[in-house]
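Reviewing the structure listed below.
All residue numbers refer to positions in the sequence shown, counting from 1. First listed ligand is number 1; within each ligand, the first listed atom is number 1. Basis for what follows: all heavy atoms, side chains included, without hydrogens, waters or symmetry-related copies.
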Amino acid sequence: MSSRLIVISNRVSVPKAAGAAGAQGGLAVALNAALLEHGGIWFGWSGQETEEFTGHLDMQRNDGITTATIDLEPQDIDEYYNGYANRTLWPLFHYRIDLTEYDRNFGEGYERVNERFADAVLPLIEGEDLVWVHDYHLLPLGSMLRQKGVKNRMGLFLHTPWPPTRLLVSLPLHERLVASMLEFDVIGFQTSEWLESFLHYVQKEMGLKVNPDNSIDYQGRRVVARAFPIGIDFDEFVEGAAGPEARDAHDRLKQSVRGRKILIGVDRLDYSKGLGERMEAFGRFLADNPEQAGSAVLLQIAPPSRGDVASYQMIREDLERKTGHLNGAYADVAFVPIRYVNRGYPREQLAGFYRAADIGLVTPLRDGMNLVAKEYIAAQDPENPGVLILSQFAGAAHQLKDALLVNPHSIEHVSEAIKRALEMPLDERRERHRKLLASVRDHDVRRWRQDFVSALFGDEAPPLLDDASPEDSSEPQDQTA
Ligand code: GDG
């Protein structure tokens with residue numbers, strides 16, 4: 001394949017150059033691998049602020065990958081990043097219209113920055129290049145590039161959910177936003193559920209016809225809309241989990257709990273992750289099972305994120321209050337039930353913590369996919385694996401059906417699942433883990449990337465990887481009964 005890839009995302013993350021814990025997730029690794037294979041450039045915001053926008057491109061080459069970044073001015077960061085992206089689209093796409101802020105300045109800033117991205121990346125795009133745009137920050141970018149004459153194949157992958165039409169129509173100028181997305185040749189979602197919501201919107205609100213293969217004919221062009229469930233870098237993660245740094249972290253955590261059971265949560269500090277509800281569910285478990293109250297510890301790792309947005313400061317305060325309350329009620333001189341850690345750890349250490357944990361507690365209220373669920377499975381000892389408790393509202397629930405699927409809004413349901421997981425016989429743990437592991441291994445980040453890039457080349461679609469939405473089934477499988 002001779003085409004180069006031009007990857008465009010809000011931020012750019014090159015593995016070895018990234019350095020900081022958490023900066024080089026599976027996504028960065030996958031995109032870097034794609035760039036190494038095809039050649040090309042990764043373009044985005046540097047994360048730096050400049051007094052006045054110049055559009056200057058900072059080109060760098062690290063580990064064989066070329067990156068091109070621009071700085072943004074303070075107003076851009078306020079209105080585009082902290083504004084429209086993280087105070088309008090993020091909450092709306094996670095079904096939180098109560099937190100969604102509609103401010104005309106945000107919308108204008110969002111369009112302005114997308115235009116700035118388009119102008120800056122334009123000279124980098126050559127004849128046969130494939131353009132792959134990522135996420136909700138850059139939905140109108142394809143249309144802006146088309147207006148500037150770009151004829152290349154262009155694709156968009158949305159990492160978040162796509163909201164139901166009834167919620168999306170609360171967004172001023174929603175038609176314009178979606179129409180701009182249809183300038184891409186391929187639009188990718190994490191699961192069939194978000195894909196269906198998108199197709200529902202284009203039919204009901206735009207009167208467009210969706211073909212049997214889910215493509216949409218729009219203004220004389222054919223747009224392919226499909227689910228491409230993202231995965232983790234399985235081999236890298238398993239290798240990391242078996243290494244010395246992971247073993248050290250594992251042993252350190254195990255020794256510190258002195259034979260108690262460990263529940264682990266690892267999430268960016270974000271209201272979509274259901275952290276407050278999770279704490280309450282653990283509190284309910286402690287209240288309902290006093291005989292086990294001194295024998296289980298919840299380790300919640302929650303590195304801060306988007307601290308400039310007020311709703312993120314509020315969730316932080318809420319969690320500190322809930323943790324303090326529960327620890328006050330259940331702690332003893334030599335024991336606290338919740339270890340709430342507001343920082344990130346290197347990936348290898350994280351893998352060791354996952355492996356030490358008897359339960360992976362992954363209970364977002366809404367999540368595009370959720371990679372933590374997959375990392376937890378990959379890090380387990382197959383001979384003596386822990387149990388994954390997974391929200392039915394995470395995209396990952398479409399694939400990881402052998403987890404204990406729960407409704408994260410139901411404190412009772414999650415509390416019962418914790419009890420059930422702690423008591424689960426070894427045979428059942430192994431059997432569930434075997435199936436989960438096969439799914440995580442087979443649907444890894446390489447497959448995701450290859451499927452997307454093939455679709456971008458215009459290749460035929462392979463069969464859909466996930467089944468119908470778990471919410472479509474009459475009831476979530478009540479596995480806590
Ligand atoms: C968005 C979508 C979708 C977390 N703490 C540390 C750390 N992490 C890593 C995890 C995992 C990643 O961050 C988080 O990924 P998630 O998928 O769980 O969630 P989002 O950040 O919300 O990601 C999501 C994803 O995009 C990909 O498409 O799955 O639905 O919301 O890899 O391990 N990494 C390190 N230290 C930490 O303390 N090193």
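Each of the following atoms of ligand 1 lies closer than 4.0 Å to a heavy atom of Gly344: 37 (C), 38 (O). Atoms of ligand 1 lying under 4.0 Å from at least one heavy atom of Arg347, given by number and element, are 32 (O), 33 (O), 39 (N). The ligand atoms of ligand 1 that sit less than 4.0 angstrom from a heavy atom of Pro303 are 5 (N), 38 (O). Interface atoms of ligand 1 facing Val372, defined by a heavy-atom separation under 4.0 Å, are 10 (C), 18 (O). Taking a cut-off of under 4.0 Å to the non-hydrogen atoms of Val266, the atoms of ligand 1 that pass are 4 (C), 5 (N). Here is the list of ligand 1 atoms found below 4.0 Å of a heavy atom in Glu375: 10 (C), 11 (C), 32 (O), 33 (O). If you number the atoms of ligand 1 from 1 as listed, the ones under 4.0 Å from a heavy atom of Asp367 come out as 2 (C), 24 (C), 30 (O), 31 (O). Of all atoms in ligand 1, numbered sequentially from 1 with element shown, those under 4.0 Å from a heavy atom of Gly368 are 30 (O).
A salt bridge is defined here as a Lys NZ or Arg NE, NH1 or NH2 lying under 4.0 Å from an Asp or Glu carboxylate O, and Arg447 with Asp442 fails to meet this definition. Taking a cutoff of 4.0 Å between a charged side-chain nitrogen and a carboxylate oxygen, Arg252 and Asp248 do not qualify as a salt bridge. A salt bridge links Arg278 to Asp267: at least one charged side-chain nitrogen sits closer than 4.0 Å to a carboxylate oxygen.
Inclusion of Leu371 in the set of residues having an N or O under 3.5 Å from an N or O of ligand 1 is warranted. Polar contact with ligand 1: present for Met369 (N/O pair, distance under 3.5 Å). Considering backbone and side-chain N/O of Arg268, one or more are found under 3.5 Å from N/O of ligand 1.
Relative ring orientation between His94 and Trp90 is described as tilted, the plane-to-plane angle lying within the 30° to 60° band. Using cut-offs of 30° and 60° for the angle between ring planes, the Phe117 and Phe43 rings count as perpendicular.
The side chain of Ile230, and not its backbone, has at least one atom closer than 4.0 Å to an atom of ligand 1 (non-hydrogen atoms only; side chain from C-beta on). Contact annotation for Leu350 and ligand 1: only side-chain heavy atoms (C-beta onward) come within less than 4.0 Å of the ligand.
Note that the CD1 atom of Ile315 and the CD atom of Glu320 stand 10.5 Å from one another [nearest 0.5 Å]. Rounded to the nearest 0.5 Å, atoms CG (Asp76) and CG (Asn82) are 11.5 Å apart.
A cation-pi arrangement, defined by a distance under 6.0 Å to the six-membered ring centre and an angle within 45 degrees of its axis, is absent between Arg284 and Phe282.
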message: Under the criterion side-chain contact (heavy atoms from CB on, under 4.5 Å), I'd like the reasoning laid out for Met279 against Gln300: C-alpha separation, chi angles, the key distance, then a yes or no.
response: CA-CA 9 Å; Met279 299 279 182; Gln300 177 62 56; 4.1 Å; yes
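At a 4.0 Å cut-off, not a single heavy atom of Gln349 sits close enough to ligand 1 to count as contact.
The salt bridge (charged side-chain N to carboxylate O under 4.0 Å, His left out) test with Glu37 singles out one residue from Arg446, Arg449, Arg4, and that residue is Arg449.
Of the candidates Tyr345, Tyr354, Trp90, it is Tyr345 that places a heavy atom closest to atom 39 (N) of ligand 1. The closest non-hydrogen atom to atom 29 (O) of ligand 1, taken over Thr160, Leu158, Asn370, comes from Asn370.
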